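Taking it in order: structure first as structure tokens, then the write-up.
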Amino acid sequence: MRPDASVLHLDLDAFFAAVEQRDKPSLRGKPVVVGGVGGRGVVATASYEARRYGVRSAMSTREARSRCPHAAFLTGRFHAYREASERVMEVLRSVSPLVEPLSLDEAFVDLAAAGLPDLSVPTVTEVAEEMRARVHEVTDGLTASVGIGTSKFIAKVASDLDKPDGLVVVAPGTEVELLRPMHVTVIPGVGPATAERLRRAGIHTVADLERVSLDELVRLLGKAHGAGLWSLARAEDDRPVEPDRETKSVSVEGTYDTDLTDRKVMESVLTRQAGDVARRLRASGLSGRTVSIKVRLYDFTTLSRSTTLSSPTDTASTVARLARGLLAELDTSGGVRLLGVGVSGLADWIQEDLFGDDFGDGPGDADEADDAVPEVPLPGLPARHRSGWAPGMDVVHADLGRGWVWGAGRGVVTVRFETAETPSGPVRSFADDDPALTPWRPPEPPAPDAPVTPQSPTPA
DNA sequence: TCTGGGGTCCTAGGACCC
DNA sequence: TCTGGGGTCCTAGGACCC
């Protein structure tokens, strides 16, 4: 805890939804929900108009639709968000060299490194108001809420106190009285599970927490967590603003609209994800020794398996092979809703084979060709159709006859074999490059002398 | 057809080494 | 031969954050 209020926390208001409203004027003033729009999607951000209907982050999209059916439901446009975020971070870095981004829409700024004449409340208030105005300007109208205090914890609490488009400075010395009446969940690290444990011990507010001894808290929550909460309840927080935090892991995962049951499909998914992970590792000049998979079963049970190599890799084929091997250990017969691949134990260099011929190669040179993830056109399926499946397309599978694409994405196509004879046939998933899938083809243009038949109107 | 995706940090047990 | 401990690495799971 510092003598001055010199830690600033900035939080862009309803960020993803606000970017959509900025870019599409027709959405302004209306409820907008950004998130997964599939059957198993959840809300990432709801505009304030949508929040009035009870739509919240992390709520299932299904629930959000029932609460606010007239909202616009959009999947994210992450390039736009990243671009806006970069502009904001630039503004922050023009104020202080010590900026720690927490996500696209949040960051801490250390005002003690900003070279201000002093760190009095009026001075930091003025700096923050200028900063908010600059953010508004460079992002074409986005608003931010800002909090300033003597620590990260207090700054973060403060930025929440006057949302949206607010600024709160917590004067040094007033932290504890601000916190005491608040619910324990204001403390970062107190989520549903910890809150429930504390509730059962009769601890509801920060004031309650402050009365519990360090020993008892450690007994209740474990060493690190207990000791951390004990300090935060007293507003004791010395965590520095860290501008360059190192990446510890890189992962890709996906949840499918219908559970996967076919091992071949699962392997194909893992192979594609391994390619994505390897590509991102290389793009960052990283490689890692531990390859993990994550599997969420039909009943939401989540399993993980990992294996560690003696030297780091950034090679798609290696990650893919290990991932498929880890999957082989698991019983997935009940169906799988989520699959993921990750690499951790990262180093910013690659352990070359010290005794091999390519000693001295730079990072990323190993097995370049091996990383080319299957772009080979498969028999009977023109390359341009790969990953081009969309719901409504007509497909044919040899075993089950004609079906319709029900869901598509992340390398998986879900087909409902629904025909006039079997109105609600079985649903099966395929890898999107499965040669058994025959793509829809646009109708041939009518011959010049053929009679032109009127198109039946397409339902909206 | 309740429950995303990308992360971080912590715990606990077992292996292994000194 | 028996006993004891500490430290580190690895794996699996869980809580939490935005």
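Please read these numbers as outputs of a predicted model, since none were measured by experiment. Numbered from 1 within each chain, the chains take letters A, B, ... in sequence-line order. Scope of the values below: all heavy atoms of this structure, side chains included, with no hydrogens, waters or symmetry mates.
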* side chain to side chain donor-acceptor pair (under 3.5 Å) with A/Glu90: which residues, sequence neighbours excluded? ->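 With neighbours one apart ignored, the set is empty.
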* Asked: Who passes side chain to side chain donor-acceptor pair (under 3.5 Å) against A/Asp140, sequence neighbours left out?
  ->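 Not a single residue meets the side chain to side chain donor-acceptor pair (under 3.5 Å) criterion with A/Asp140.
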Using atom [atom1] of [X] as one end and atom [atom2] of [N] as the other, report the distance to the nearest whole Å.
X        : N     : atom1 : atom2 : answer
A/Gln273 : B/dG6 : CD    : C1'   : 13 Å
A/Phe300 : B/dT3 : CZ    : P     : 8 Å
A/Asp259 : B/dC2 : CG    : C1'   : 13 Å
A/Leu339 : B/dG4 : CG    : C1'   : 15 Å
A/Arg279 : B/dG6 : CZ    : P     : 14 Å
A/Lys223 : B/dC9 : NZ    : P     : 17 Å
A/Arg65  : B/dT1 : CZ    : P     : 16 Å
A/Leu286 : B/dG6 : CG    : C1'   : 15 Å

* Going by heavy atoms closer than 4.0 Å, what residues in residues 226-249 of chain A are next to DNA chain C? ->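 Hits under 4.0 Å, by residue number: none.
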* Asked: Among side-chain atoms of A/Arg296 and A/Thr302, is any donor-acceptor pair under 3.5 angstrom?
  ->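 Note: A/Arg296 and A/Thr302 side chains meet the donor-acceptor criterion.
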* To do: Using distance alone, with no hydrogens and no angle criterion, decide if A/Thr290 and A/Thr308 have a side-chain donor and acceptor under 3.5 Å apart.
  =>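 A/Thr290 vs A/Thr308: donor-acceptor pair found between side chains.
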Looking at [X], does any N or O in its side chain come under 4.0 Å of the phosphate oxygens OP1/OP2 on [N]?
X        : N     : result
A/Arg296 : B/dT3 : no
A/Arg410 : B/dG5 : yes
A/Ser60  : B/dG4 : no

* Which whole number of Å gives the distance between the P atom of B/dT1 and that of C/dC18? ->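 The answer is 33 Å between these two P atoms.
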* **Spacing of the C1' atoms in C/dC16 and B/dT3 (rounded, Å)** =>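 Roughly 16 Å separates the two C1' atoms.
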* For residues 29-69 of chain A, which residue pairs qualify under ring-ring contact (aromatic ring centres under 6.0 Å, His included), counting only residues two or more places apart or in two chains? ->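 ring-ring contact (aromatic ring centres under 6.0 Å, His included) check on residues 29-69 of chain A returns A/Tyr53-A/His70.
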Check salt bridge (charged side-chain N to carboxylate O under 4.0 Å, His left out) between [X] and all other residues, then give those that pass, not counting sequence neighbours.
X        : value
A/Glu242 : none
A/Arg77  : A/Glu20, A/Asp23
A/Glu175 : none
A/Asp237 : A/Arg239

Reckon [X] touches a base, only the sugar-phosphate, or nothing at all at heavy-atom distances under 4.0 Å?
X        : value
A/Gly254 : sugar-phosphate
A/Val43  : nothing
A/Arg337 : base

* Heavy-atom count around A/Glu246 CD within 6.0 Å, excluding the residue itself: above 12? ->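 At most 12 heavy atoms, drawn from other residues, nucleotides or ligands, come within 6.0 Å of this atom.
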* To do: With DNA chain B as reference, determine whether A/Ala224 or A/Tyr298 sits nearer its 5' end, using the nearest nucleotide of each.
  =>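 It is A/Tyr298 whose nearest nucleotide is closer to the 5' end.
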* Could you check A/Arg62 against A/Gly222 and say which one's nearest nucleotide on DNA chain B is further toward the 5' end? =>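 Result: A/Arg62.
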Review item, side-chain donor-acceptor pairs of residues 212-227 of chain A, under 3.5 Å, at least two apart:
from	atom 1	to	atom 2	distance (Å)
A/Ser213	OG	A/Glu216	N	3.1
A/His225	NE2	A/Gly189	O	3.0

* Structure fact -> Protein-proximity profile, nucleotides 11-18 of chain C, B/S/- by nucleotide at the 4.0 Å heavy-atom cutoff, equals SSS-SSSS
What donor-acceptor contacts under 3.5 angstrom involve side-chain atoms of residues 335-344 of chain A, with partners at least two apart or in another chain?
none

* **Watson-Crick or G-U pairs under 3.5 Å in DNA chain B, rendered as dot-bracket with [ ] for crossing pairs and | for another strand** => ....||||||||||||||
* Pair A/Asp11 + A/Lys163, salt bridge at N-O below 4.0 Å ->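 Salt bridge between A/Asp11 and A/Lys163, a charged N being under 4.0 Å from a carboxylate O: yes.
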